[in-house]
K.L.:
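This is the structure I want to talk about, given as structure tokens.
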Amino acid sequence: MKKILLLLLLPLYSIAQTAGNFIQNGNAKANQRNYKGAIEDFTRAIQLNNKNADAFYYRANAYANIKDYNAAIADYSQATALNPGLTNAYLYRANAEAAIKDYQAAIADFDRAISTGPKTADMFHYRGNAKSNINDYTGAIADFTAALQFKPNDADLYKYRALAKNNKGDFTGAIADYNLAIKLSPRSAEIYQYMAGTKANINDYKGAIADYTTSLAINPNNAEAYFYRANIKARLTDYKSAVDDYKKAAAINPDLPNLLLYMANAQNKTGDTRGALDYFNKAINQFPNNGNLYAYRGIIKSDQKDNEGALADFNKAIALGAKNPETYQSRSFSKLALGDNAGARLDADTAVKLNPNSIGAYISLSKAKMAMKDTAGVIADLTRAIAINNKSDEAYLARGDAYRDLGIPLAAINDYTKAIAVNPAYTYAFLNRAIEKTKLADYAGAVKDLEKLISISPQQQAGYLRLGKIIDFYKYTGNGIALFTNAIALNPANAVYYLNRGEAKAAAGDSKGAMADYNTGALKDPKNITILLKRSIAKAALEDNNGAITDLTSALKIDSLSDSTAVVWQTRGYVKSKLKNYNGAIADFDRAVSIYSTDETFLLRGDAKLAMKDYAGAADDYHNATYMNDKNTKAFAHSGLAKSYLVDAQGVKDDFSAALKLEPNNADILIDRAKAKVNLKDPNGAILDCNAAIAIDPKNGRAYLQRGLSKIVINDKTGGCADMGKALSMGVKEAAEWINQYCK
């Protein structure tokens, strides 16, 4: 009986021991990373005892280590069914679920692990990761914060919390966390790279470049860091340096998405279009069936206005399978340039169908519709693009351009402003907004925008060129001299920059400095009429009237008929008047009037006629001046003076009343009226006007001269000569002539 009993007991004893042995052997193999062998042992253990939660749990771990996550999840589920208190089984099942991107299930298991306890940093850390992956950044931040309570010196936790804050839009908080992570892990290239991306989000491009540079110093083989640093440099128009970075990225990883395209575009922007094309030509020779290479080369050709060559490349790209929205979008632009508006629209429609969320595709479609006069469709497409992403500076810029093309500058300005709100460093938006403000005569606003553009991108010449085109730009900035000094440093061969700096210097009272710049500009571009004109004005201000005439005559030899020459004829007439060559002056003013006249032209011709005692002719010109500009106080005053010689007392009264209504505290108007009153035999009234003028402007020498002359009329020689002497001492040169006549 005992023998029989022994035989019966042996199998039971052997089964128990064998299952344990298999588990023990499996763990030993797992520790040696022989996970397949471990799985075999754990499977044998389960076959012998399928109620052993540990066997399922250990096999699940082994499956997870060979990334068979579905098998791992199944085993963790068996383990927790057998032992609901097995905390790590929930935790590791959650990790496996996260690995197959079943984040909701993972979060539920992290919740079970945390509730089962004991709580650990890893539980909150990994749950935070899962929440980040479903865009629950608020929940992720809370979990990373909880994990930090357990591990306050874990750099990774600060890094992941920073990423969540960045994705939530809390860029300041993200940077603060990155800095804490760096203190704990100062040699982490990854943290510097992530922080650089956040700084780029707040347009701190210099800070971003510095962080990418630090990241690369730690890990010089990081292609992405070179790539992203290059993108920022390109955005700052530092294209040469950007190309260098793109090439370094390509040397490490030539398969980075869009790398070749961005590099070629940057190379193209440096002016090295040949180098950009050579790059793609070589790449196509090496990989003739790569459609993307043809697409990228097509974009470069399109930038070079080789639209036929670009179209051929886009056709080839699509034929080779590069049927992506970007290629259709690019081909749309080429077709548009070649006048195939319907084809352009069809390609843009295809791009939208391939990617209904592509901002660029809608922009392409809007341009095609614009060409086909579908203005309502244009705005609708761009509005749809903005609805997709109301943080798209590109979409706002494109809609602003559409409003600009439709002749609605206020709407254009509004969209450019929105683009700038999204991207405060968007140079194109500042440039385009400045252009539209100029159309509305908001010169101060335009200059402010251009100054901002230049401060963001001082190497970009578009800002300087546009600034110089704004009428009297120097009135709206105190930085004109410095700005165009920078422009000259960028392009010393550009004569217009010397002209612009000369204008700024002249406005600042530096006549000699202005003259030096005009001289340099004239040497670089001897046929630039504007430079000759401005130099003539500077010469006249320095009393080099003959030199001024020479410049103006040279300008008229270059062009004497176009509308722009009217001001040249007018200016030469003015200088001739200074030389008392009134007949010559009137002849020049006549030419100006025949080409293009302003109120200033008639005023100056009227002054010349007045000097020649053609009072009726002068009055007519002053009338024309006030008709063209009813705010021209000088024309009203001079008209009143001319009428005084014609003894038109009512006309005198009316004209001076109009002038003083516009400028009641203008001393010069009162002086002119005093002169008119003398002509109308009212010397005492003239003296009263001079007294009023002196009260307004005690340093006005003309007021003393006219009062002196008025006193002479009433036989007050002593008082008259005293006033004229004071006028002479104040720099009124013509007073000497009257003193010689009356005071000897």
Side-chain angles (χ1 to χ4, degrees), residues 529-530 532-648 651-652 655-656 658-659 668-669 671-673 675-676 678-679 702 706 732-734 737:
I529 292 175
T530 305
L532 293 171
L533 172 64
K534 292 292 184 178
R535 186 168 71 174
S536 74
I537 294 170
K539 286 180 178 179
L542 294 170
E543 297 303 326
D544 179 11
N545 295 311
N546 289 320
I549 294 289
T550 299
D551 275 345
L552 293 163
T553 302
S554 297
L556 291 169
K557 286 180 181 178
I558 297 167
D559 181 4
S560 62
L561 299 173
S562 64
D563 287 355
S564 62
T565 63
V567 69
V568 182
W569 287 107
Q570 176 181 309
T571 304
R572 193 172 75 168
Y574 167 74
V575 178
K576 286 180 178 178
S577 289
K578 288 184 67 179
L579 294 169
K580 302 190 185 304
N581 176 10
Y582 299 116
N583 284 320
I586 290 172
D588 280 347
F589 291 135
D590 288 344
R591 289 295 300 272
V593 168
S594 70
I595 296 171
Y596 181 80
S597 56
T598 67
D599 57 313
E600 188 72 10
T601 315
F602 285 109
L603 171 65
L604 292 173
R605 189 171 72 174
D607 289 345
K609 289 179 179 179
L610 186 66
M612 293 183 69
K613 300 183 180 180
D614 176 8
Y615 304 125
D620 283 343
D621 274 344
Y622 295 137
H623 171 75
N624 286 331
T626 57
Y627 178 78
M628 295 182 78
N629 179 6
D630 61 4
K631 299 293 189 296
N632 192 326
T633 55
K634 189 178 287 189
F636 278 115
H638 290 197
S639 177
L641 186 57
K643 289 175 182 177
S644 73
Y645 288 107
L646 297 170
V647 198
D648 178 4
V652 171
D655 282 342
F656 280 111
D668 287 326
I669 296 173
I671 296 165
D672 286 338
R673 189 170 71 173
K675 192 171 184 178
V678 169
N679 291 339
R702 284 185 63 237
Q706 186 56 51
V732 182
K733 294 179 181 179
E734 63 179 300
E737 179 184 342

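Residue numbers count from 1 along this sequence.
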K.L.:
Distance check, rounded to the nearest 0.5 Å: Gln706 atom CD versus Ile671 atom CD1?
P.N.:
8.0 Å

K.L.:
Calculate, to the nearest 0.5 Å, the distance between atoms OG1 and CZ belonging to Thr530 and Arg535 respectively.
P.N.:
13.0 Å

K.L.:
I would like to know whether Lys631 and Thr626 meet side chain to side chain contact (heavy atoms under 4.5 Å, CB included); could you show each step before the answer?
P.N.:
CA-CA 7 Å; Lys631 299 293 189 296; Thr626 57; over 6 Å; no

K.L.:
Give the intermediate values and the outcome of side chain to side chain donor-acceptor pair (under 3.5 Å) for residues Asp588 and Tyr574.
P.N.:
CA-CA 9 Å; Asp588 280 347; Tyr574 167 74; over 6 Å; no

K.L.:
Hey, are the side chains of Val567 and Glu600 touching, using non-hydrogen atoms and a 4.5 Å cut-off?
P.N.:
no

K.L.:
Using side chain to side chain contact (heavy atoms under 4.5 Å, CB included) as the criterion, list what pairs up with Lys634, not counting sequence neighbours.
P.N.:
Leu603, Asn632, His638

K.L.:
Do Leu532 and Ile558 have side-chain heavy atoms sitting under 4.5 Å apart?
P.N.:
yes

K.L.:
Has Lys613 got more than 12 heavy atoms of other residues, nucleotides or ligands less than 6.0 Å from its NZ?
P.N.:
no

K.L.:
For the residue pair Ser644 and Val652, what are the closest heavy atoms and their distance?
P.N.:
N-CG2, 3.4 Å

K.L.:
If you measure from CD1 on Ile549 to NZ on Lys576, what distance do you get to the nearest 0.5 Å?
P.N.:
6.0 Å

K.L.:
Please lay out, stage by stage, how Ser536 and Asp551 fare under the test side chain to side chain donor-acceptor pair (under 3.5 Å).
P.N.:
CA-CA 6 Å; Ser536 74; Asp551 275 345; 5.9 Å; no

K.L.:
Taking all non-hydrogen atoms of both residues, which atom of Lys578 and which atom of Asn545 are closest, and how far apart?
P.N.:
NZ-OD1, 3.3 Å

K.L.:
Kindly indicate, with the supporting measurements, whether the criterion salt bridge (Lys or Arg N to Asp or Glu O under 4.0 Å) is fulfilled by Lys609 and Asp620.
P.N.:
CA-CA 10 Å; Lys609 289 179 179 179; Asp620 283 343; over 6 Å; no

K.L.:
Taking the side chain as C-beta and beyond, is there a heavy-atom pair between Asp607 and Tyr622 under 4.5 Å?
P.N.:
yes

K.L.:
Could you work out, with side chain to side chain contact (heavy atoms under 4.5 Å, CB included) as the rule, every residue matching Ala566, not counting sequence neighbours?
P.N.:
Ile595, Tyr596

K.L.:
Can you tell me how far CG of Asp614 sits from CD1 of Ile586, rounded to the nearest 0.5 angstrom?
P.N.:
7.0 Å

K.L.:
Return the NZ to CG distance between Lys643 and Asn679, rounded to the nearest 0.5 Å.
P.N.:
14.5 Å

K.L.:
Any non-hydrogen side-chain atom of Gln570 less than 4.5 Å from a side-chain atom of Thr598?
P.N.:
yes

K.L.:
If you compare all heavy atoms of Gly606 against all heavy atoms of Ala618, which two are closest, and at what distance to 0.1 Å?
P.N.:
O-CB, 3.4 Å

K.L.:
Sequence neighbours left out, what passes ring-ring contact (aromatic ring centres under 6.0 Å, His included) with Tyr645? Give chain and number order.
P.N.:
Tyr615

K.L.:
Would a 4.5 Å heavy-atom cut-off, applied to side chains only, mark Phe589 and Ser577 as touching?
P.N.:
yes

K.L.:
Determine whether a donor-acceptor pair (N or O, by modelled atom type, separation under 3.5 Å) exists between the side chain of Trp569 and the backbone of Ala587.
P.N.:
no

K.L.:
Compute whether any side-chain donor of one residue and acceptor of the other, for Ser639 and Asp655, lie under 3.5 angstrom apart.
P.N.:
yes

K.L.:
Should Asp672 and Phe656 be marked as a side chain to side chain contact (heavy atoms under 4.5 Å, CB included) after you check the CA-CA gap, both sets of side-chain angles, and the distance that decides it?
P.N.:
CA-CA 9 Å; Asp672 286 338; Phe656 280 111; 3.8 Å; yes

K.L.:
Working to the nearest 0.5 Å, report the span between CG of Leu646 and CG of Leu641.
P.N.:
10.5 Å

K.L.:
Test side chain to side chain contact (heavy atoms under 4.5 Å, CB included) on Asp621 and Thr601; report intermediate values, then the result.
P.N.:
CA-CA 9 Å; Asp621 274 344; Thr601 315; over 6 Å; no

K.L.:
Is there a side chain to side chain contact (heavy atoms under 4.5 Å, CB included) between Leu561 and Arg591? Walk through the geometry before answering.
P.N.:
CA-CA 9 Å; Leu561 299 173; Arg591 289 295 300 272; 4.0 Å; yes

K.L.:
Just wondering, do Asn546 and Lys539 contact through their side chains at under 4.5 Å, heavy atoms?
P.N.:
no

